[in-house]
Amino acid sequence: MSLLIVNNLQHSFGADTLFSGVSFRLEWRQKLGLVGRNGTGKTTIMRILTGQIDSERGSVTFSPGIEAGYLKQEDVVAHHGTVLEEAEAAFAHVREMEKRLRECEHEMASAIDDPDKLAAVMEEYGLLHDRFEAMGGYDNLRDIPAVLKRLGFSDADMNKPCARLSGGEKTRLGLARLLLSGPDILLLDEPTNHLDVEAIEWLEEFLRDFGGALILISHDRTFLDRVTTSIGDLEHGKLTVYPGNFSAFARQKEANQQRQAEMYEREQREIARLTEFFEKWKNTPSKKSQAVQRMRWAEKIKEHGLTMQRDAAAATKVQGPGKKMHAGLKAGSRSGEEVIVFDRVAKSYGSRTLFDSFTGLIQRGDRVGIVGPNGAGKSTLIKILLGRETPTEGMIRLGASVSVGYFAQDTSDLDLDASVLENLLNVADMQPTQARTHLGAFLFSGEDVFRPARLLSGGEKNKLVLAQLTYLKPNLLVLDEPTNHLDMESRDALTRILVNYGGTLLLVSHDRYLLEQVTNRTIEVNNGRATLLDMGYKEYREWRKRTPVGAPPQAVVQAPQGNEKLKQLLAQQPGPAAGTPPLSAHQLSKERQKARANTTTAEQRVAKLEERLQEIETKLASPSPSDNVVALSHEHMGVQQALSEALSQWESAAAYAESLG
């Protein structure tokens with residue numbers, strides 16, 4: 001039985017048709033991945049399926065009794081209750097279904113003498129029973145705290161008020177609520193956003209075993225490979241469904257494109273032959289009718305063959321998404337052999353230690369992936385390297401002739417009030433015409449270069465930062481989640497750029513395919529410790545599966561030659577300003593503004609937490625009958641810990657702002 005039938009959908013924006021003729025079916029246990037460049041209409045299809053918008057043409061039909069669940073990106077959780085309470089409320093739907101099943105069994109037993117009532121109850125029971133069986137009795141969701149932990153929530157988070165969750169935490173809780181609510185069809189749009197690798201891998205396993213159906217939008221090829229059973233490719237306004245996972249789809253599409261290219265070449269040769277006959281004999285009376293007939297054949301081939309399709313595709317590429325990033329990144333001057341020395345580096349916020357006494361050596365040409373759970377301290381380690389955070393103990397030293405290029409996770413180094421062109425000229429000594437040519441390689445063309453950076457999409461901001469880095473040609477490239485907001489083709493282009501990059505690389509990413517392709521060493525940040533491992537990401541994941549997370553990986557920390565060199569370097573006295581890459585006057589001005597803003601934000605957070613702590617203590621001192629004293633006590637402990645961390649962050653932010661002058 002088809003759970004969902006989509007027939008001939010069409011949608012337009014103004015005079016431009018986004019897609020047309022979109023049709024597919026979903027069966028039990030079918031996992032359909034929707035892929036295509038940003039802007040082709042994948043999320044629009046999701047919004048049509050969920051009834052948020054209407055299509056201009058076509059129909060969406062769900063089988064009777066089938067329920068679909070969709071994770072909205074905005075306002076995904078309520079602002080009352082705790083994390084655990086919100087999750088338990090979502091699972092209440094499954095418990096109600098169980099209760100109704102038992103009620104139906106009793107009603108069938110008592111309706112033996114009433115055929116009409118018996119038939120109606122049996123039909124309802126059959127639908128509920130089929131759903132329950134297809135989902136395996138929802139056994140993998142019954143331990144609600146375990147589900148939350150697998151999605152990145154700690155024991156301390158269970159009683160955390162939802163109103164105090166960050167944006168990423170709200171998204172993760174929204175995903176947990178959706179899974180726990182037990183829908184028959186899951187509609188997931190980029191569900192791996194804000195998840196660390198451990199949570200992504202748990203979600204993969206859950207979705208593989210999910211008994212219902214799934215429609216998934218994702219640019220994570222590893223995730224698509226491990227979850228999907230079919231791929232819907234949305235390209236040039238048409239949806240083509242391929243059987244198999246993403247790798248199977250990629251092979252099939254490449255083979256199809258090769259066949260189409262060969263057919264196109266044959267068509268062109270035939271058109272050329274027919275046209276040549278026409279030109280040769282069109283003025284000869286005895287051959288004129290034959291010449292005209294052949295010209296008609298040529299026109300029919302153009303009208304109905306691949307020539308017309310290619311012309312339409314070319315027009316689509318001019319009007320919308322379709323161009324590819326074709327830039328390269330080269331290291332400029334050659335750095336010294338020793339690029340980064342981590343000298344007993346430690347960082348704590350209050351009582352929480354991110355890492356302690358981290359020591360290691362990064363040498364020229366190393367390609368290091370920095371991995372670990374969300375909040376473990378990966379970005380903090382990078383900020384200490386860049387001089388944007390101060391370590392609690394120890395220091396990080398840069399080697400000789402090291403020039404740093406940095407990609408911030410939030411692209412915060414961009415001047416949002418400046419145009420695309422001005423942002424490039426802020427770092428590039430080139431004429432505007434040269435700058436526009438350079439930006440063209442990153443898909444900024446025409447009037448796009450005059451748009452303010454604040455109006456760019458997340459993916460466009462990423463590309464603008466990459467455009468800056470390719471001009472600067474750093475020999476140490478530090479990237480913090482560079483694939484965020486990028487579609488599949490842009491991710492592939494970035495992977496090619498980094499594979500061919502000749503400098504030293506530090507990469508924080510949750511994109512496992514990217515990490516596997518470009519890294520040869522790994523820094524793991526987890527459980528209050530940072531460890532440098534002499535292995536690439538693929539080998540690291542295989543090793544981690546065999547090794548408990550808490551076990552010290554002594555045998556694979558550093559190659560012997562690296563250890564000897566590191567001992568020599570640690571014995572040396574550092575220079576006065578070895579840890580902070582130089583900033584231009586413009587960069588220094590922007591950095592001062594940002595540092596002052598960060599200090600103000602940190603101070604405001606401290607004030608809010610102190611105010612909330614005072615409110616809780618007042619209620620605990622004289623609780624009213626309606627006050628939940630247990631919940632208030634839990635919240636009191638959480639706010640105390642958060643206040644301690646906030647005070648430490650405020651001190652660090654203020655010290656950094658003061659160091660900039």
Side-chain angles (χ1 to χ4, degrees), residues 73-87 148 151-174 176-177 193-194 347-354 373-380 383 388-390 392 408-410 412 416 454 591-624 626-660:
Q73 294 302 309
E74 68 285 342
D75 197 24
V76 292
V77 296
H79 292 292
H80 53 78
T82 66
V83 168
L84 184 58
E85 288 169 350
E86 281 287 303
L148 291 169
L151 289 174
F153 291 99
S154 65
D155 286 324
D157 291 330
M158 298 297 161
N159 293 305
K160 190 174 184 179
C162 294
R164 299 193 178 278
L165 297 179
S166 68
E169 288 172 328
K170 287 181 180 178
T171 300
R172 285 188 279 123
L173 180 54
R177 281 173 48 85
N193 286 350
H194 306 291
K347 183 65 178 180
S348 299
Y349 290 111
S351 61
R352 183 181 175 219
T353 298
L354 297 181
N374 287 341
K378 303 183 296 295
S379 295
T380 301
K383 289 176 181 176
R388 302 184 179 199
E389 286 258 9
T390 55
T392 307
Q409 181 175 165
D410 55 3
S412 56
L416 298 181
R454 68 173 63 257
E591 191 64 19
R592 283 171 176 159
Q593 291 178 27
K594 189 168 71 172
R596 286 194 292 269
N598 288 343
T599 303
T600 301
T601 300
E603 188 175 2
Q604 290 170 345
R605 175 165 169 74
V606 168
K608 287 181 180 178
L609 288 169
E610 287 177 335
E611 181 182 350
R612 180 55 183 163
L613 194 64
Q614 182 64 45
E615 291 173 359
I616 296 171
E617 289 174 347
T618 300
K619 287 187 176 182
L620 287 173
S622 54
S624 67
S626 61
D627 286 332
N628 186 334
V629 176
V630 174
L632 285 170
S633 298
H634 283 300
E635 186 180 357
H636 185 267
M637 288 188 292
V639 173
Q640 277 186 319
Q641 182 180 352
L643 179 58
S644 176
E645 293 180 5
L647 283 166
S648 181
Q649 290 171 348
W650 177 36
E651 290 168 1
S652 295
Y656 179 55
E658 186 177 347
S659 71
L660 293 174

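Bear in mind the structure is a predicted one, so any value in this text is a computation, not a measurement. Computed over heavy atoms, backbone and side chain alike; hydrogens, waters and symmetry mates excluded. Sequence positions, counted from 1, serve as the residue numbers for this chain.
Scored by the side chain to side chain donor-acceptor pair (under 3.5 Å) test, S622 finds no partners at all (sequence neighbours excluded). Every side chain to side chain contact (heavy atoms under 4.5 Å, CB included) that E615 has, sequence neighbours left out, goes to E611, R612.
Closest approach of W650 and E603 over heavy atoms only: NE1-CB, 3.7 Å. Here the closest non-hydrogen pair linking C162 and K170 is O-CE, 3.9 Å. Across all non-hydrogen atoms, the minimal contact from S348 to T392 is N-OG1, 2.8 Å. The two atoms that bring L148 and A176 nearest to each other are CD2-CB, 3.8 Å, heavy atoms only. Scanning all heavy atoms of the two residues, the minimum distance from F153 to E169 falls at CZ-O, 3.5 Å.
A distance of 4.5 Å separates OG1 of T390 from NZ of K347, quoted to the nearest 0.5 Å. Distance check, rounded to the nearest 0.5 Å: OG1 of T599 to CD of Q604 gives 11.0 Å. Atoms CG and CG, on L173 and D157 in that order, are 10.0 Å from each other to the nearest 0.5 Å.
Shown here is K160, whose NZ atom has more than 12 heavy atoms of other residues, nucleotides or ligands within 6.0 Å.
Looking only at distances, no side-chain donor or acceptor of K619 sits under 3.5 Å from a matching main-chain atom of Q614. Checked by atom type and distance alone, the side chain of K378 pairs as donor or acceptor with a backbone atom of P373 at under 3.5 Å.
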